[in-house]
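Naming convention: chains lettered A, B, ... in sequence-line order (proteins, then strands); numbering from 1 in each chain.
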Amino acid sequence: MAYWLMKSEPSVYPWSRLLEEKRTAWSGVRNYQANNNMKAMKKGDQAFFYHSNEERAIVGIMQIVKTWYPDPSDETGRFGMVDVRPQKSLTQPVTLTAIKNIAALKEMELLRQSRLSVSAVTDEAWNLILSQK
DNA sequence: GCCAACGTTGGC
DNA sequence: GCCAACGTTGGC
């Protein structure tokens with residue numbers, strides 16, 4: 001099973017909304033690297049839900065429930081989306097600052113490429129982040 | 001609000 | 001195919 005991190009601006013689509021809706025299609029990605037990461041996702045993979053911009057913290061864990069399929073809102077036909085469902089809220093969000101303070105996470109895609117909205121997370125990084133209190 | 005880091009577009 | 005100009009994202 002692989003791990004991922006997906007960003008959303010709280011003012012656009014907050015974690016609380018995903019909790020209400022129980023499931024959503026991760027549409028709107030228009031970046032090849034992010035799109036390729038979604039293509040690599042398998043059913044059952046887990047992903048952090050990260051609030052970008054005004055909050056900058058991982059607030060929940062999601063599960064991929066449907067693999068990549070074309071995004072109907074993309075007229076070029078190049079970009080797609082996956083379906084996700086919330087699995088667990090973090091009682092204590094893990095902030096970007098906290099992640100930066102973990103030396104072993106210096107190489108995380110999240111830190112190296114701040115504009116990438118869908119990135120891969122290694123097993124080590126996943127476990128380290130979840131062990132933060 | 002600013003700006004660095006990217007990504008995209010279009011002229012040549 | 002190069003690269004300048006422009007647009008966007010997201011951290012600060």
Side-chain angles (χ1 to χ4, degrees):
Chain A
M1 187 182 65
Y3 299 114
W4 309 94
L5 181 143
M6 304 173 86
K7 294 181 178 180
S8 183
E9 289 183 49
S11 56
V12 175
Y13 192 98
W15 175 246
S16 57
R17 185 163 159 204
L18 182 59
L19 289 176
E20 283 165 20
E21 295 182 355
K22 306 266 200 305
R23 175 176 179 143
T24 195
W26 205 271
S27 59
V29 169
R30 295 293 183 271
N31 171 283
Y32 285 106
Q33 211 180 333
N35 188 55
N36 283 335
N37 281 334
M38 288 200 296
K39 277 186 173 173
M41 290 177 179
K42 296 197 168 69
K43 205 172 163 182
D45 280 358
Q46 288 179 292
F48 286 133
F49 187 104
Y50 176 88
H51 273 159
S52 62
N53 289 324
E54 53 267 50
E55 189 174 346
R56 274 166 281 125
I58 294 168
V59 295
I61 296 173
M62 304 183 284
Q63 207 167 63
I64 310 304
V65 290
K66 184 176 179 184
T67 53
W68 191 95
Y69 58 104
D71 182 344
S73 72
D74 171 36
E75 285 162 15
T76 70
R78 292 177 239 179
F79 299 103
M81 54 198 190
V82 296
D83 286 1
V84 298
R85 72 166 174 79
Q87 183 176 322
K88 184 174 183 285
S89 297
L90 297 194
T91 45
Q92 185 91 28
V94 179
T95 64
L96 183 63
T97 313
I99 292 168
K100 284 186 164 176
N101 284 336
I102 304 172
L105 300 185
K106 279 238 162 30
E107 300 302 313
M108 257 190 95
E109 260 186 324
L110 172 72
L111 302 183
R112 294 172 64 98
Q113 230 179 307
S114 63
R115 290 184 47 193
L116 185 59
S117 63
V118 180
S119 59
V121 176
T122 63
D123 291 14
E124 187 198 11
W126 182 268
N127 291 322
L128 274 170
I129 287 167
L130 285 181
S131 65
Q132 295 305 300
K133 285 281 142 38

Which residues pass the ring-ring contact (aromatic ring centres under 6.0 Å, His included) test with A:W68, not counting sequence neighbours?
none
Going 5' to 3' along DNA chain C, between which two nucleotides do contacts with chain A fall, using a heavy-atom cut-off of 4.0 Å?
C:dG7 to C:dC12
Who passes side-chain hydrogen bond (donor to acceptor under 3.5 Å, both in side chains) against A:E9, sequence neighbours left out?
A:N53
Residues passing the ring-ring contact (aromatic ring centres under 6.0 Å, His included) test with A:Y32, sequence neighbours excluded, are A:F79
Run the side-chain hydrogen bond (donor to acceptor under 3.5 Å, both in side chains) test against A:E20 and tell me which residues pass, sequence neighbours left out.
none
Please list, chain by chain and in numerical order, all residues satisfying ring-ring contact (aromatic ring centres under 6.0 Å, His included) with A:F48, sequence neighbours excluded.
A:W126
